[in-house]
Amino acid sequence: MKNLKIFNSLSNKKEIFFPINNRNIRIYACGPTVYNYAHVGNARMAVVFDTIVKLLRYIFPKVTYVSNITDIDDKIIQRSLVEKKSCEQISATYLSIYNSEMKQLNVDNPDFQPKATEYVESMIEKIKILQDKGYAYFNEGHLLFSVLTFPEYGILSKRSKEDQIAGKRIKVASYKKKPEDFILWKPSKENEPGWSSPWGKGRPGWHTECFAMASDILKTPFDIHGGGLDLKFPHHENEIAQGCCFQKNKNIQSYAKYWMHNGFVTFEEEKMSKSLGNIALLKDYLKVYNGEIIRLALLSAHYRSPLVWKESLLIQSKNILDKFYEVLRKLEDVKLENYNTKLPDELEGYFFDDFNLSKVFAYLNRIIKDKENYKNEEKKMKLKKILYTTGNILGIFKQDTNEWFKNDKKASEKDIKEIEKLIEQRSLARMEKNFNLADNIRKQLIDLGIEIQDSPKGAKWKRVK
RNA sequence: GGCUCGGUGGCAGAGUGGUUAUGCAGCGGAUUGCAAAUCCGUCUACGGCGGUUCGAUUCCGUUCCGAGCCUCCA
């Protein structure tokens, strides 16, 4: 087996992945705060790490994937005031929407999807220990982590403490001794949710939840920690500080060994941001495009590169998938007892090179074009297996090949019946050599956006734009 | 202001010190009752300026441009 290489944000280099325990790979990725509909950026994170996990599952016998849900946070509190609902209602509603949307993108449920509110006790315990060990101090109702106590601070984001002070963008809160200190526990106002703690009624700082949940569920050190690029600083930096200091271990890899960050989705060439009002919500795209199309669009750039989100990207993704589904449709009579196989070394090599999906697709394009691969049943079986195994890792080719071309988000069942009736009539006309009628029907179908493909086994059809 | 990361053909996107992927779109042709699908062929590229080199898109420097972080954010 070839070595899997992944880009480790700690070293800013591609490194060979050496598992801590190759019987069970442990990976954690920071999930969303559920206070609104998921946006395309949330989806990219979910799709990227889902794909990484799928490849890990292809390689290793067991993978434990944890992705958390932040269900208590200032944004949720704000939202609950706007919607006049409890925080629990808000987070439960948007979590359920999130999960159902992810399902449409062929994102598997993580093995664990812990919620912050379920781990408050553990967080209190852990930050109490941090305080007892002298890494944290209490001031004006807040418990703060003292960054000075962790000399390695800044190593992930390649940022010295001086750099941050140079920033000056932060209006330093009065309770902070140093601007870079971060909150472990903050007091709750009367109308806000809170938990009792040694520091009074309050709630945990955001950076603590991932540290606590990853430590509890996966145990430290675990193999891979991931998330969006924007979490690198300060969120992940703060996690490392807590994770290492908690164990009194200054080795930055004593918390997590490899760090992976997905790039941003930009919208109209600018980062999607609420304040700019250019948030692209996933639900709006799911209305029009099949989840697989959106998934492929999200995978079209390397996971570390920025991705410019635009309509033409979705159209391109649809065309690509149509092409592959055509091939799979041609192979539909090839019987397979299972859809997984060991991939050819060359193809594996592309996956293993920090997920070089461009090369993966170049390889797939080459094998579907090669006539040799259609010469006999055995070769066709092999081709089909490679396509489906690759599709399983990428989370595509999951639909019935004929359904793929029939389904359209805007179409109803009734439309499909209507279409198939017309196709039937046209086939009859063709058999009777009544080409005028056949052509008229075809024109009708084209007007409906339907394209006919005649084949020896009867007409097949698909929707076109 | 400080710190990261990028700039490849109409678009998306790999990669490499010399033979210059791949896809989408376009164009031309073959095929077809007509079409479509399919197949074959095909045009555009490596931000600018220096340097190293026999030779640079690839290495170095510099400059311009872009994105991100430094504040909640996937």
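None of these values were measured; they are calculated from a predicted model. Chain naming here is simple, since letters A, B, ... match the order of the sequence lines and numbering starts at 1 in each.
- Among the nucleotides B:A12, B:C72, B:G23, the one closest to any side-chain atom of A:Trp206 is B:C72.
- The side chain of A:Ser358 sits closest to B:A14 out of B:A14, B:G23, B:U4.
- Within the 4.0 Å cut-off from OP1 or OP2 of B:G23, not a single side-chain nitrogen or oxygen of A:Ser300 is found.
- Among the nucleotides B:A14, B:U22, B:C73, the one closest to the side chain of A:Asn365 is B:U22.
- If you take NE2 of A:His207 and C1' of B:C73, they are 11 Å apart, rounded to a whole angstrom.
- Residue A:Lys323 places at least one side-chain N or O closer than 4.0 Å to OP1 or OP2 of B:C24.
- One finds no side-chain N or O of A:Lys232 lying less than 4.0 angstrom from the OP1 or OP2 phosphate oxygen of B:A74.
- Distances from the side chain of A:Glu326 to the nucleotides B:G15, B:G33, B:A37 place B:A37 closest.
- In the displayed structure, A:Lys323 atom NZ is contacted under 6.0 Å by more than 12 heavy atoms of other residues, nucleotides or ligands.
- Taking atom P on both B:G48 and B:G68, the two are 24 Å apart, rounded to the nearest angstrom.
- The gap from the C1' atom of B:G13 to that of B:G50 amounts to 30 Å, rounded to the nearest Å.
- A:Phe7 has its CZ atom 10 Å from the C1' atom of B:U4, to the nearest Å.
- Salt-bridge formation is not detected for the pair A:Arg329/A:Glu332: no Lys NZ or Arg NE/NH1/NH2 atom is positioned less than 4.0 Å from an Asp or Glu carboxylate oxygen.
- Residue A:Ser317 is out of contact with every strand shown, counting any heavy-atom pair closer than 4.0 Å.
- Without hydrogens or angle criteria, A:Asn8 side chain to A:Lys13 main chain gives no donor-acceptor distance under 3.5 Å.
- Residue A:Ala362 has its side chain nearest to B:A21 when only B:C24, B:A21, B:C34 are considered.
- Here the separation of B:U44 from B:C27, taken at their C1' atoms, is 12 Å to the nearest Å.
- Counting any heavy atom pair closer than 4.0 Å across all strands shown, A:Asn12 reaches sugar-phosphate atoms only and no base atom.
- Atom P of nucleotide B:G13 and atom CG of A:Leu364 are separated by 18 Å, given to the nearest angstrom.
- Looking at A:Arg366 and A:Asp370, no side-chain N of the basic residue comes within less than 4.0 Å of a carboxylate O on the acidic one, giving no salt bridge.
- A sub-4.0 Å separation between OP1 or OP2 of B:G23 and a side-chain N or O of A:Asn319 is absent.
- When heavy atoms are screened at a 4.0 angstrom cut-off, A:His235 is found touching no nucleic acid atom at all.
- Proximity of A:Asn42 to the phosphate of B:A74: a side-chain N or O atom is located under 4.0 Å from OP1 or OP2.
- Between the C1' atoms of B:C43 and B:A67, the separation comes to 31 Å (whole Å).
- Comparing B:A14, B:G33, B:A74 against the side chain of A:Ser305 picks out B:A14 as the nearest.
- For A:Leu313 and A:Ser157, each mapped to the nucleotide of RNA chain B holding its nearest heavy atom, the one lying further toward the 5' end belongs to A:Ser157.
- Of the two residues contacting RNA chain B, namely A:Gly263 and A:Leu229, the nearest-nucleotide position lying further toward the 5' end is that of A:Leu229.
- Atom CG of A:Leu156 and atom P of B:C70 are 13 Å apart (whole Å).
- Ranking B:C73, B:C24, B:C39 by closeness to the A:Ile320 side chain, first place goes to B:C24.
- B:U4 atom C1' lies 12 Å from atom CD of A:Glu237, rounded to whole Å.
- A:His142 is linked by a ring pair (Phe, Tyr, Trp, His ring centres under 6.0 Å) to A:Tyr175, counting only residues two or more places apart in sequence or in another chain.
- Ion pairing of A:Lys380 with A:Asp333 is absent here, as no side-chain N (NZ or NE/NH1/NH2) approaches a carboxylate O to less than 4.0 Å.
- Computed from coordinates, the A:Leu314 CG to B:A12 C1' distance equals 12 Å when rounded to whole Å.
- Comparing atom distances between the A:Phe264 side chain and each of B:A74, B:C73, B:C11 picks out B:A74 as nearest.
- Comparing B:U16 with B:C59, their C1' atoms are spaced 12 Å from each other, to the whole Å.
- Atom name P, nucleotides B:U63 and B:G1: the rounded distance is 13 Å, in whole Å.
- The side chain of A:Phe233 lies closest to B:C70, out of B:C70, B:G23, B:C73.
- The CZ atom of A:Arg304 sits 21 Å away from the P atom of B:A74 (whole-angstrom rounding).
- Close to B:G23, at under 4.0 Å from its OP1 or OP2, lies a side-chain N or O of A:Lys369.
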> If you write RNA chain B from 5' to 3' in dot-bracket form, with Watson-Crick or G-U pairs under 3.5 Å, [ ] for crossing pairs and | for pairs with another strand, what do you get?
Replying inline: (((((((..(((.....[...))).(((((.......)))))....(((((..]....))))))))))))....
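- In this structure, A:Ser9 contributes its side chain and A:Trp259 its backbone to a donor-acceptor pair below 3.5 Å.
- Rounding to whole angstrom units, NZ of residue A:Lys310 and P of B:A67 are separated by 14 Å.
- Counting only distance, with no hydrogens or angles, the side chain of A:Asn68 and the backbone of A:Gly31 share a donor-acceptor pair below 3.5 Å.
- One N or O donor and one acceptor, one from the side chain of A:His39 and one from the base of B:A74, sit under 3.5 Å apart.
- Using a 4.0 Å cut-off between charged side-chain N and carboxylate O, A:Glu292 and A:Lys398 make no salt bridge.
- Atom name C1', nucleotides B:U22 and B:U31: the rounded distance is 26 Å, in whole Å.
- Under the ring pair (Phe, Tyr, Trp, His ring centres under 6.0 Å) criterion, A:Phe7 pairs with no residue, sequence neighbours left out.
- B:G28 sits 14 Å from B:A35 when the P atoms are compared, rounded to a whole Å.
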